[in-house]
Structure formats: structure tokens, C-alpha cells
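For this chain, numbers begin at 1 and follow the sequence in order. Computed from a prediction, not measured in an experiment: that's the story for all the values here.
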Amino acid sequence: MPLQNRVLPTGEIVRSTHRGEMMGNRGGRIHEPGTKELFPRRRHATRQWISCVTEFKNRQREVMGRGYTELFFLDEVTALAAGHRPCFECRRKDARAFAESWQKVFGLELPPKAGEMDRLLHDERLSPAQSKLDHHAIDDLPDGSMIEIDSRCFARHQQRWLKWDESGYSESPELAKALHTEPVRVLTPKIAIAVLSAGYQPVWHSSASSV
């Protein structure tokens, strides 16, 4: 049985045979090493939720061993929607770009430190209410934003919407009909949307470029 370590755009952690192209963690260990099962009702250790590359300096890890809980995402677009930010160790260039866009959003003199961003991001995670949009407003969202309609997730990519699933992205012919019949929920946190609007370019799954 697959381990419960795949993160959906909604932030839920599920079992999946699809690993995705990015990993990360939520600030520590949230599983029992002996059974490799997540602790009941615990889905984060600290407010440091990060997204990482799957290979870094030839490091080898036992997945869901005695260290932090390794989580996996389809890509960074998914990780952002789930409330994660880029790691300053293995993704330093991306993390700096994220902080520089954050600086623009908040009009700061200097790019923020990781802890400063984590505090605001975590405040937003603790608020369960996610914004809803009128159907006509979704195309104003920046590339890298994710929405949910009738339990289906879609990502904004090069001014069009792609359907998300655990294996990758595909065309979304059903979206037009769903837009007129179902409510639209924005999954990507407001702060992340602002950072995307300020110019941050997230890492996409390889399938996005072939759709």
C-alpha cells in the first residue's frame, strides 16, 4: 500500500502511487516511524511548510523514517496551493525570488526572512475560509493560481486553465460547463496569489508544457 505522503492542492495528505516531481515537509515529523502512518489529527509539526527538490547533494533518506515526514507534490503550483513556500536550502534561487516578490507586495525595504513569511503564511493556513470568486473573475488570477470546482482542481497556465490530477495536467473541456453550474473556490492562499502577481514564476510539472 502506498504511504500517506502525497499532498493535494487542497492541502489534504493522501495515499497515491504517483510521486510527483517535488517534495517537501511541514516543519518536522508528523508520522510514527514504526508504522509509517501519520499521527491522528496532526498534519504539521511547525509553521515552516516548505517545498523542495527531490535530489540534493546526493543525500539519501529513508522515506518516513525517524526524521521529518517527507511529503510529495505534483509540482510547485500544487505546493503553493497547499500552503507551502520554496526551501531556502535546496531551492535557494527560487526562495530568494519568492522573497523578492513578497517584498514588492508588502513594500518592504528588504526581502523578508523565512520566519517572517512563515508567520503570515501560517496565519492564513489557520483560517479555513477560502475565497470564492464570481465565474467571470477567475481569469484575472495570475499564472500558477489554482481553483476548485465541484471537487475538481484547475491551474492557471499561460492564460488558460488546465485540469489537475495526481499524474499531471490535461485539457479541461468540462470547465466551461462547470463554471456556469458550480461555485468556484480559490485554493491558492491570498498571499501566494499576490506573490505570483508580483512576478514569481513557480515550477510546473513537465506535463503542463505538453498540453
Side-chain angles (χ1 to χ4, degrees), residues 7-13 20-27 43-44 46-54 56 71-134 137-148 153-162 164 169 184-206 208-209:
V7 184
L8 304 183
T10 58
E12 182 183 1
I13 306 174
E21 296 181 349
M22 188 163 284
M23 66 171 289
N25 66 78
R26 291 184 176 176
R43 291 298 177 266
H44 70 273
T46 69
R47 58 192 176 196
Q48 188 181 40
W49 295 23
I50 58 176
S51 58
C52 304
V53 293
T54 55
F56 183 64
L71 301 174
F72 295 86
F73 313 87
L74 178 70
D75 58 5
E76 187 179 13
V77 175
T78 307
L80 287 174
H84 293 245
R85 61 158 176 83
C87 172
F88 271 92
E89 182 180 9
C90 67
R91 299 183 59 211
R92 181 167 294 275
K93 182 179 178 180
D94 291 335
R96 285 177 172 171
F98 188 87
E100 288 167 359
S101 290
W102 184 296
Q103 177 187 4
K104 295 177 185 177
V105 170
F106 290 94
L108 305 177
E109 292 185 6
L110 297 171
K113 302 294 186 182
E116 299 173 55
M117 294 188 288
D118 288 338
R119 282 192 291 274
L120 290 182
L121 286 168
H122 202 61
D123 286 344
E124 198 163 16
R125 295 180 199 121
L126 295 177
S127 175
Q130 289 162 307
S131 57
K132 296 182 179 180
L133 282 182
D134 179 85
I138 67 167
D139 286 341
D140 293 331
L141 293 171
D143 272 15
S145 302
M146 293 200 72
I147 60 174
E148 182 183 41
C153 298
F154 302 89
R156 182 77 166 162
H157 181 257
Q158 297 180 355
Q159 300 186 338
R160 60 178 178 158
W161 289 97
L162 303 181
W164 179 99
Y169 294 100
V184 178
R185 184 166 65 123
V186 181
L187 296 176
T188 310
K190 291 179 180 179
I191 292 178
I193 284 181
V195 170
L196 291 168
S197 296
Y200 181 69
Q201 300 293 316
V203 177
W204 285 85
H205 186 263
S206 53
S209 61

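The two residues S51 and P86 come nearest to each other via the heavy atoms OG-CA, 3.6 Å. The nearest pair of heavy atoms linking S145 to P142 is OG-O, 2.8 Å. Taking each heavy atom of P202 and G144 in turn, the nearest pair found is CG-CA, 4.2 Å. Minimum interatomic distance between V7 and A82 (heavy atoms only, all atoms of both residues): CG1-CB, 3.6 Å. Closest heavy-atom contact between P111 and E100: CG-CG, 4.2 Å.
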Test salt bridge (charged side-chain N to carboxylate O under 4.0 Å, His left out) on D118 and K113; report intermediate values, then the result. CA-CA 9 Å; D118 288 338; K113 302 294 186 182; over 6 Å; no
Begin from the C-alpha positions of W102 and E116 and carry the test side-chain contact (heavy atoms from CB on, under 4.5 Å) through to its verdict. CA-CA 11 Å; W102 184 296; E116 299 173 55; over 6 Å; no
Decide yes or no on side-chain contact (heavy atoms from CB on, under 4.5 Å) for W164 and V77, but give the supporting numbers first. CA-CA 10 Å; W164 179 99; V77 175; over 6 Å; no
Step-by-step side-chain contact (heavy atoms from CB on, under 4.5 Å) determination, R85 to F98: CA-CA 8 Å; R85 61 158 176 83; F98 188 87; 4.1 Å; yes
Could you check T188 against L141 for side-chain contact (heavy atoms from CB on, under 4.5 Å), going step by step and ending with a plain yes or no? CA-CA 10 Å; T188 310; L141 293 171; over 6 Å; no
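Scanning for salt bridge (Lys or Arg N to Asp or Glu O under 4.0 Å) contacts around R26 gives an empty result, with sequence neighbours left out. In this view, N25 satisfies the side-chain hydrogen bond (donor to acceptor under 3.5 Å, both in side chains) rule with no residue, not counting sequence neighbours. Residues meeting the side chain to side chain contact (heavy atoms under 4.5 Å, CB included) test with E21, sequence neighbours left out: H205, S206. With sequence neighbours left out, D94 forms a side-chain hydrogen bond (donor to acceptor under 3.5 Å, both in side chains) with R91. In this structure R47 satisfies the side-chain hydrogen bond (donor to acceptor under 3.5 Å, both in side chains) test with no other residue, sequence neighbours excluded. Listed by chain and number, the residues in a side chain to side chain contact (heavy atoms under 4.5 Å, CB included) with A97 are Y200 (sequence neighbours excluded).
Aromatic ring pairs are classed by plane angle as parallel below 30°, tilted from 30° to 60° and perpendicular above 60°; the pair W49 and H44 is tilted.
Within the model, atoms OH of Y169 and NE2 of H157 stand 8.5 Å from one another, a figure rounded to the nearest 0.5 Å. With rounding to the nearest 0.5 Å, the separation of CD1 in I191 from CG in D123 is 8.0 Å. Annotation: the span from R185 atom CZ to T10 atom OG1 amounts to 7.0 Å, rounded to 0.5 Å. Rounded to the nearest 0.5 Å, atoms OG1 (T54) and CE (M23) are 8.0 Å apart. E124 contributes atom CD, which lies 10.5 Å from atom CG of L126 (distance to the nearest 0.5 angstrom). Taken to the nearest 0.5 Å, the CD1 atom of I138 stands 5.0 Å off from the CH2 atom of W161.
Side-chain atoms of L80 and L196, non-hydrogen and from C-beta on, do get closer than 4.5 Å to each other.
Counting only distance, with no hydrogens or angles, the side chain of R156 and the backbone of Q159 share a donor-acceptor pair below 3.5 Å. Counting only distance, with no hydrogens or angles, the side chain of Q103 and the backbone of E109 share a donor-acceptor pair below 3.5 Å.
In the displayed structure, R96 atom CZ is contacted under 6.0 Å by at most 12 heavy atoms of other residues, nucleotides or ligands.
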